[in-house]
Amino acid sequence: MKPGSIAVVGAAETTHMGKILDLSVIGLHADAALNAMTDAGLKPSDIDGVATAGESPTNIAHYMGITPRWVDGTSVGGCSFIIHVRHAAAAIAEGLCETVLITHGESGRSRIGAFRPGRAPSSLLGQFEMPYGIAAPANQFTIPALRYMKTYGATVEDLARVAVIQREWAAKNPRASYRDPLSLDDVLNAEMIAWPFTKLMCCLVTDGGGALILTRAERAKDFPTKPVYIIGSGESVESPMISQMEDFTSSKAFRVSGRKAFEEAGVKHADVDHLMIYDAFAHLPLYGLEDLGFVGKGEAKDFIAAGHTRIGGSLPLNTNGGGLSYMHSGMYGMYALQESVRQMRGVAPAQVEGAKISVCHGVGGMFAASGTIIFSNER
Amino acid sequence: MPRLLPEPTPETRHYWDGCQAGELRLQRCVDCAHTYFPPRPFCPKCASRKVEVYKASGKATLYSYVINHRPRPDVSDKPHAIAVVELAEGPRMMTNIVECPQTPEALVLDMPLQVTFEKQSDEITLPFFKPAGV
């Protein structure tokens with residue numbers, strides 16, 4: 001795919017976010033899809049490709065009245081939608097379809113119409129991890145952090161600082177779930193969830209959704225929105241079991257996905273104006289900054305402490321407030337994409353002035369998968 | 001409440017049989033000598049199907065962990081560590097640390113550990129790890 005040949009021409013989140021009692025999971029997908037179609041000025045008959053995770057693309061195509069010529073149901077956790085953008089861009093570039101709708105909806109908090117995954121005691125995870133008490137991402141995803149902290153001399157204050165800075169961004173965002181300022185002590189003294197992680201180092205659990213519409217860049221001028229171009233992309237997976245992650249101080253999936261995206265885009269890290277790193281937990285931005293190559297190994301804590309990722313810093317990070325303060329339905333990747341698109345359109349509540357390149361990097365499962373998109377508002 | 005227990009598959013049966021016999025069993029590739037975990041009937045490094053089962057030393061070190069303050073009712077009613085240990089033979093595995101206070105002060109990364117087995121049911125015995133010398 002030639003960098004800049006495919007553009008996002010429609011993007012929207014659900015009308016409401018947080019606690020939504022009048023929509024089930026598929027209704028959240030649909031609400032976001034309708035908002036994105038309004039944004040792009042399209043009808044169901046204008047769309048010929050559907051990608052989604054959580055729901056099947058069959059359900060979404062039928063529910064929305066779309067007859068697709070291309071579908072993608074890649075479902076590898078919260079970064080699935082980031083990977084859908086990559087797959088959709090390739091499919092459009094290859095002529096498999098013309099206009100793709102990517103949807104996400106999740107009743108993470110209210111659990112209305114939510115799929116309840118069954119226990120799989122004969123899976124590898126069921127045999128070799130489940131017996132030891134893993135119950136939620138909070139007590140699995142966090143396990144590598146202690147090894148990272150010992151290796152690089154990172155402290156609980158370094159984890160807490162991530163949450164504090166993201167709350168500063170959230171304060172500028174009227175749609176953020178939490179906007180009140182946080183101190184390091186607030187974070188450190190919050191309820192202990194999985195030592196060393198307190199509640200404020202863990203993501204929110206909310207209801208919501210989002211949708212994107214992609215098409216060929218040549219057609220972008222036909223749409224009412226400012227086009228946002230895809231100039232690079234990457235993806236990878238590693239292991240479904242956190243215990244089998246190759247290196248507890250670095251995600252292989254992050255490294256592979258990030259490197260491919262930067263190679264495709266042909267941009268340097270210094271060219272990047274805005275960055276989203278899926279933050280299900282406070283250690284993820286540390287891993288992300290290092291594994292994407294913005295800083296060297298073990299340098300993320302000092303980079304963050306020096307204020308580079310804050311408002312006015314050299315690399316604004318998670319400018320919507322992130323999964324820690326903005327919202328987190330369970331599969332957050334779609335919201336990271338939405339914020340990158342808003343920044344590239346120049347309409348974000350905490351807009352980075354003059355931003356031309358945005359990197360959106362996501363995780364799936366517990367360091368199990370990864371997707372990266374590099375966006376630009378210039379071709 | 002009984003602990004949620006694994007259901008062995010044909011590919012993992014030797015491992016669970018080993019636990020019942022008081023042995024931690026690993027697999028090693030006959031062609032490239034790579035030791036790996038979790039069990040599977042081929043080498044994930046070179047794809048050879050010529051692999052052998054052997055008894056591991058049971059020695060390990062504490063690699064990383066969290067202390068879960070929201071314990072699953074079938075596992076504990078108090079905060080407890082969910083740990084990953086590095087076996088002397090190389091592979092890492094998830095486990096719980098037993099015969100040791102579940103505190104950051106007592107659970108020190110890289111501390112030496114030894115496997116110990118606890119019968120859970122007629123079919124399943126689980127391997128746990130305890131501080132070496134206990």
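Here is how names work: the chains are called A, B, and so on, in the same order as the sequence lines, proteins then strands, and each is numbered from 1. Keep in mind the model is a prediction, meaning the values are calculated, not measured.
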How about Ser243(A) and Tyr63(B): do any of their side-chain heavy atoms sit closer than 4.5 Å?
-> no
Name all pairs fulfilling the ring-ring contact (aromatic ring centres under 6.0 Å, His included) condition that reach into residues 99-134 of chain B, sequence neighbours left out, sorted by first residue then second.
-> Tyr132(A)-Phe128(B)
Chain A contact via Asp74(B) - which portion, at a heavy-atom distance below 4.5 Å = neither
Verdict with reasoning, Thr9(B) to Gln127(A), per side chain to side chain contact (heavy atoms under 4.5 Å, CB included) = CA-CA 9 Å; Thr9(B) 56; Gln127(A) 291 189 66; 3.6 Å; yes
Any residues in residues 18-36 of chain B near chain A, with a heavy-atom distance under 4.5 Å, and which are they?
-> none
Per-residue tally against chain B (heavy atom, under 4.5 Å) across Glu191(A), Gln140(A), Gln244(A) peaks at Gln244(A)
Minimum-distance pair of heavy atoms, taken over all atoms of Leu62(B) and Arg147(A) = O-NH2, 3.5 Å
Considering only heavy atoms from C-beta outward, does the side chain of Pro38(B) approach that of Met241(A) to under 4.5 Å?
-> yes
Among residues 148-164 of chain A, which ones touch chain B with a heavy-atom distance under 4.5 Å?
-> Lys150(A)
Honestly, the part of Val66(B) sitting under 4.5 Å from a heavy atom of chain A is both
Residue-level contacts of residues 86-95 of chain B with chain A, using a heavy-atom cutoff under 4.5 Å | Arg92(B), Met93(B), Met94(B), Thr95(B)
Is Arg72(B) close to Met130(A) at the side-chain level, that is, under 4.5 Å between some pair of heavy atoms?
-> yes
Which atoms of Phe37(B) come close to chain A, meaning under 4.5 Å heavy atom to heavy atom: side chain ones, backbone ones, both, or neither?
-> both
Check for a donor-acceptor pair, side chain of Ser64(B) on one end and backbone N or O of Ile143(A) on the other, with a separation under 3.5 Å.
-> yes
